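Scope of the values below: all heavy atoms of this structure, side chains included, with no hydrogens, waters or symmetry mates. Owing to the predicted nature of the structure, the values given are computational and were not obtained by experimental measurement.
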Amino acid sequence: MASIQDLKLYQTHPHPCSYLDEQQATTVFIDPEASVDKTLYTQLSRNGFRRSGEHLYRPRCEHCQQCILTRVAVNAFTPNRSQRRIERRNQDLRVEIGDSPDFELDYPLYERYIRERHVDGDMYPPSRDQFQSFLSAEWGVTRFARLYDEDQLLAVAVYDELDDALSAVYTYFEPTADKRSLGTFAILWQIRRAQQLGLGYVYLGYWIRNCRKMNYKIKFRPLQLLIEQRWLTLK
């Protein structure tokens, strides 16, 4: 298994940023031929990397350092009043955890979510190949938490189990169930799940101050931010 010091890195050419208008982005990727296991993935997460499918990456933009990796320290987390209401509102949901996607069950909800909520995003239009390549990794760490209202699948929270944390990969949900705030509830559920497993953190991905779509992440406090390779706490 490769050590983090021995990994080869590849950098993309500048390309339009997906989050900030008129910005150019550059991304660094881990060698796709590298052998990755749970421990290496954990180390890379601590150092600012995320995954998309089996590609591990982090931003490295010459003129912008707004992408800041975030994680919740689960034992210090206390839900605010709004988050407590959301937990109560969804206490009737049943959660089933699987370790692989179920295309016949999961994909129709994913497709409907992308078409309703992200028609202006990189994942539109959705496809089965995109669904598979984006969410899955062959490292034995990925879980699919399916949230049901009786027999209706309302949401799927995809996350990875690391040595010391859960890493939230993506959540998609029933677009018509706005009153449940399922995106927020999925994060709250993952925080509770990490506590049950004795893990310290839930990684929420990158926060970008000037991107409205990212603002939900700073509501989970105390939130840790990776700034200049040091984890700082936002209370």
Side-chain angles (χ1 to χ4, degrees), residues 18-19 50-53 70 72 74 77 79-137 141-161 166-197 202-208 211-220 223:
S18 300
Y19 301 105
R50 295 285 289 168
R51 82 163 177 88
S52 177
T70 61
V72 180
V74 300
F77 173 75
N80 60 32
R81 181 180 299 176
S82 174
Q83 291 163 347
R84 291 196 298 271
R85 282 200 302 268
I86 291 169
E87 285 190 307
R88 289 195 297 269
R89 193 178 304 148
N90 290 284
Q91 64 185 353
D92 60 321
L93 297 185
R94 182 179 85 257
V95 182
E96 296 183 0
I97 302 173
D99 57 9
S100 62
D102 182 330
F103 288 103
E104 298 306 314
L105 178 64
D106 298 344
Y107 181 73
L109 178 60
Y110 173 85
E111 181 180 43
R112 189 161 63 252
Y113 173 76
I114 296 297
R115 290 190 182 280
E116 292 286 335
R117 294 297 185 96
H118 293 288
V119 67
D120 59 343
D122 292 342
M123 293 180 291
Y124 184 86
S127 70
R128 285 176 174 263
D129 288 344
Q130 172 217 62
F131 174 84
Q132 171 71 25
S133 62
F134 169 48
L135 296 178
S136 298
V141 298
T142 304
R143 304 291 181 264
F144 293 76
R146 299 181 177 93
L147 282 62
Y148 290 89
D149 178 9
E150 296 184 348
D151 293 329
Q152 181 186 6
L153 179 64
L154 284 188
V156 181
V158 185
Y159 63 93
D160 294 337
E161 291 187 5
L166 299 184
S167 180
V169 176
Y170 197 67
T171 296
Y172 53 95
F173 50 84
E174 174 54 52
T176 62
D178 289 334
K179 292 183 179 180
R180 284 188 176 270
S181 301
L182 289 166
T184 296
F185 179 69
I187 295 174
L188 294 168
W189 182 89
Q190 287 172 83
I191 291 171
R192 302 303 186 199
R193 180 63 176 167
Q195 292 170 337
Q196 292 171 0
L197 295 173
V202 172
Y203 286 91
L204 297 184
Y206 299 112
W207 170 61
I208 302 172
C211 180
R212 181 180 56 83
K213 293 180 180 179
M214 298 288 191
N215 286 346
Y216 72 90
K217 296 179 183 182
I218 61 172
K219 297 178 181 179
F220 296 88
L223 186 68

What's the shortest heavy-atom distance between [X] and [Y], and which atoms?
X: I86; Y: L188; answer: CG2-CD1, 4.3 Å
X: P101; Y: D106; answer: CA-OD2, 3.6 Å
X: A194; Y: V74; answer: CB-CG1, 3.9 Å
X: G53; Y: A137; answer: O-CB, 3.8 Å
X: S136; Y: R51; answer: O-NH1, 3.7 Å
X: R143; Y: I97; answer: CB-CG2, 4.1 Å

Test item: [X] and [Y] side chains (from C-beta on) under 4.5 Å apart, heavy atoms:
X: W207; Y: Y216; answer: no
X: L204; Y: I187; answer: yes
X: V158; Y: T142; answer: yes
X: F131; Y: F103; answer: yes
X: H118; Y: Y124; answer: no
X: F144; Y: D99; answer: no
X: F220; Y: T184; answer: yes
X: L153; Y: L105; answer: yes

Between the side chains of [Y] and [X], is the shortest nitrogen-to-carboxylate-oxygen separation below 4.0 Å, so that they form an ion pair?
X: R192; Y: E87; answer: yes
X: R146; Y: D102; answer: no
X: E111; Y: R115; answer: yes

Kindly indicate, with the supporting measurements, whether the criterion side-chain contact (heavy atoms from CB on, under 4.5 Å) is fulfilled by Y107 and R112. CA-CA 8 Å; Y107 181 73; R112 189 161 63 252; over 6 Å; no
Just do the side-chain contact (heavy atoms from CB on, under 4.5 Å) check on Y159 and S167 with the steps written out, would you? CA-CA 5 Å; Y159 63 93; S167 180; over 6 Å; no
Does a donor on one side chain and an acceptor on the other come within less than 3.5 Å for R85 and S181? no
Side chains of Y110 and Q130, donor plus acceptor under 3.5 Å: yes
Non-neighbouring partners of N80 that pass side-chain contact (heavy atoms from CB on, under 4.5 Å), sequence neighbours left out: S82, Q83
Rounded to the nearest 0.5 Å, what separation is found between the [atom1] atom of [X] and the [atom2] atom of [Y]?
X: L166; Y: I191; atom1: CG; atom2: CD1; value: 10.0 Å
X: R193; Y: E161; atom1: CZ; atom2: CD; value: 6.0 Å
X: L147; Y: N90; atom1: CG; atom2: CG; value: 7.5 Å

Can you list every pair that meets salt bridge (Lys or Arg N to Asp or Glu O under 4.0 Å) and has a residue in residues 148-158, with sequence neighbours left out? D149-R180
Please report whether the ring centroid of F173 lies less than 6.0 Å from that of F185. no
Assess the residue pair T171 and Q190 against the criterion (side-chain contact (heavy atoms from CB on, under 4.5 Å)); give the C-alpha distance rounded to whole Å, side-chain angles, the decisive distance to 0.1 Å, and a yes or no. CA-CA 11 Å; T171 296; Q190 287 172 83; 4.2 Å; yes
What class does the angle between the rings of Y113 and Y172 fall in, given that below 30° is parallel, 30 to 60° is tilted and above 60° is perpendicular? tilted
Begin with the C-alpha distance, continue with both residues' side-chain angles, and end with the deciding distance and a verdict on side-chain contact (heavy atoms from CB on, under 4.5 Å) for Y206 and T70. CA-CA 6 Å; Y206 299 112; T70 61; over 6 Å; no
Output all residues satisfying ring-ring contact (aromatic ring centres under 6.0 Å, His included) with Y148, sequence neighbours left out; order by chain, then residue number. none
